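Read the numbers this way: they start at 1 and go in the same order the structure lists the ligands and their atoms. Atom set for the values below is all heavy atoms of this structure, side chains included, hydrogens, waters and symmetry mates excluded. Because the structure is a prediction, the values reported are computed rather than measured.
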Amino acid sequence: MSKHGFRFEMNASGTEQQCDDWDDFSDSELLDVLSETQSFESQRAPDSQVNAERSESPSVSSTSMQNCTEAASGRETVQSDEVRGLKRKSLHKDSFSPMQRFLKRHLSVTLLCDQSWCEMKTVYSLLKPHVKRNDMQRAEVQMGKDFHLSRELEIQNVVPVYIWTREEAEAIKLLNMLQMTRLLEAGECVREFPVFGVLEGVFVMGVIDELRYNQKGELVLNELKTRKHNSMPSSAQDKVNCFQADLYKLLFDGLVRGEVKKEHILDHLKLRSHQVLGAGVQAHAKNIGVHVATFEDVLDAFLVTMSCSDLPCIDLLQLEYYHQGSRGPIGTRVTPFDEAQLREDLKGYLAYWRGEREPKGVDIEEAWKCRSCLYKQTCGWTKSRSQMADQNVAGVSRNFN
Ligand code: SF4
């Protein structure tokens with residue numbers, strides 16, 4: 001396959017790939033996930049006590065949060081009873097929504113998929129980001145990352161661009177999208193296509209692995225998954241992967257229908273429209289025929305391109321599974337798309353982020369998920385479920401005696 005394009009990369013680590021927590025390895029949202037957790041940690045670093053209070057999940061024990069804070073700061077913390085008392089008082093569950101507590105301006109598709117596997121696990125991954133970061137060092141994650149990068153480099157070069165502000169980071173993303181939109185319109189295949197939009201009032205971002213037209217002229221989304229085992233995934237994993245592809249379609253279709261507005265991007269992401277872009281970003285924009293000076297200029301150019309483009313909504317959603325060891329294909333699955341059901345599921349997940357309900361662990365029928373969970377030692381959900389099971393057993397034996 002010949003190379004027909006390039007993608008601007010924000011820095012040397014910009015090609016980081018995501019690891020799906022449900023064990024299939026996917027695209028490049030990992031960078032978002034890591035930068036979110038890093039910014040969460042760095043923002044709480046100057047006053048770990050205050051921010052620890054804001055970060056604690058109402059259903060996660062204060063011991064867990066204390067451990068998290070200690071681990072994040074790398075030191076032992078001895079808390080007095082007085083401090084604990086204050087902490088309990090200020091942890092009124094209605095004080096902050098999880099979006100506020102975890103300092104999130106947006107959610108990623110990866111995080112929502114993670115949540116659909118086990119919500120409690122998602123909460124722990126935010127409370128204990130070091131555990132997740134360590135897990136990302138596994139050989140399988142690195143292999144998945146290499147596989148995705150080599151696939152991307154088959155069709156496009158990666159051009160490093162140094163950035164200094166959040167506006168420049170978002171400008172690079174928009175310039176990449178603008179360039180890929182043109183390529184897609186010309187009938188080329190594109191990879192690592194960012195998507196975003198407001199879903200049920202929350203700004204959601206993701207990265208589509210591949211978009212291309214098939215022989216029937218349908219626009220196809222391919223979500224690449226690499227697997228350690230040379231077999232198709234379990235139905236539970238498959239369900240999460242389908243959810244991911246569905247979310248990408250919802251976001252992409254919203255973009256091409258012109259549903260994403262300038263104020264959505266500026267307000268949700270708290271970006272400064274008049275921020276002047278650095279010479280490097282401006283020069284790279286010029287290379288693709290876009291003359292810009294500020295972030296707003298890039299935003300306008302992007303929105304005009306999207307509204308004038310003749311890109312259709314995505315016709316077909318496919319999951320492509322590859323074996324990590326042999327790099328050979330395992331199989332392809334076409335996923336169904338039921339927008340009404342998807343929005344219903346999404347509402348349920350977002351209710352947690354809005355602070356409308358407590359986080360939940362897995363149902364009893366899915367308790368097998370806990371066996372390989374990174375947080376099984378500390379998870380309050382499993383402990384309370386075991387206690388409940390013990391009480392039930394005790395009740396049954398009393399009835400028999
Ligand atoms: S132990 Fe089970 S319930 Fe707890 S976070 Fe892990 S998967 Fe979820």
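The aromatic rings of Tyr375 and Tyr124 sit parallel to each other, their planes meeting at less than 30°, with 60° as the upper class boundary.
Aromatic ring centres of Phe193 and Tyr248: separated by at least 6.0 Å.
Taking 2.8 Å as the criterion, Cys373 does not count as a coordinating residue of atom 8 (Fe) of ligand 1, since none of its N, O or S atoms falls below it.
Less than 4.0 angstrom separates some heavy atom of Lys121 from each of these atoms of ligand 1: 5 (S). Under a 4.0 Å criterion applied to the non-hydrogen atoms of Trp381, ligand 1 contributes the atoms 3 (S).
The single protein non-hydrogen atom nearest to atom 4 (Fe) of ligand 1 is Cys379 SG, 2.3 Å, given as residue, atom name and distance. Taking atom 2 (Fe) of ligand 1 as the reference point, the nearest protein heavy-atom neighbour is Cys370 SG, 2.3 Å. The closest protein non-hydrogen atom to atom 8 (Fe) of ligand 1 is Cys118 SG, 2.3 Å.
Using a distance-only test at 3.5 Å, with no hydrogens or angles considered, no donor-acceptor pair links the side chain of Asp300 to the main chain of Asp297.
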Given the rule in the side chain to side chain donor-acceptor pair (under 3.5 Å) test, do Gln237 and Asn241 qualify, once you have shown the distances and angles that lead to the verdict? CA-CA 6 Å; Gln237 286 180 334; Asn241 295 341; over 6 Å; no
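With respect to Lys360 and Glu119, no salt bridge is recorded, no charged nitrogen being found less than 4.0 Å from a carboxylate O.
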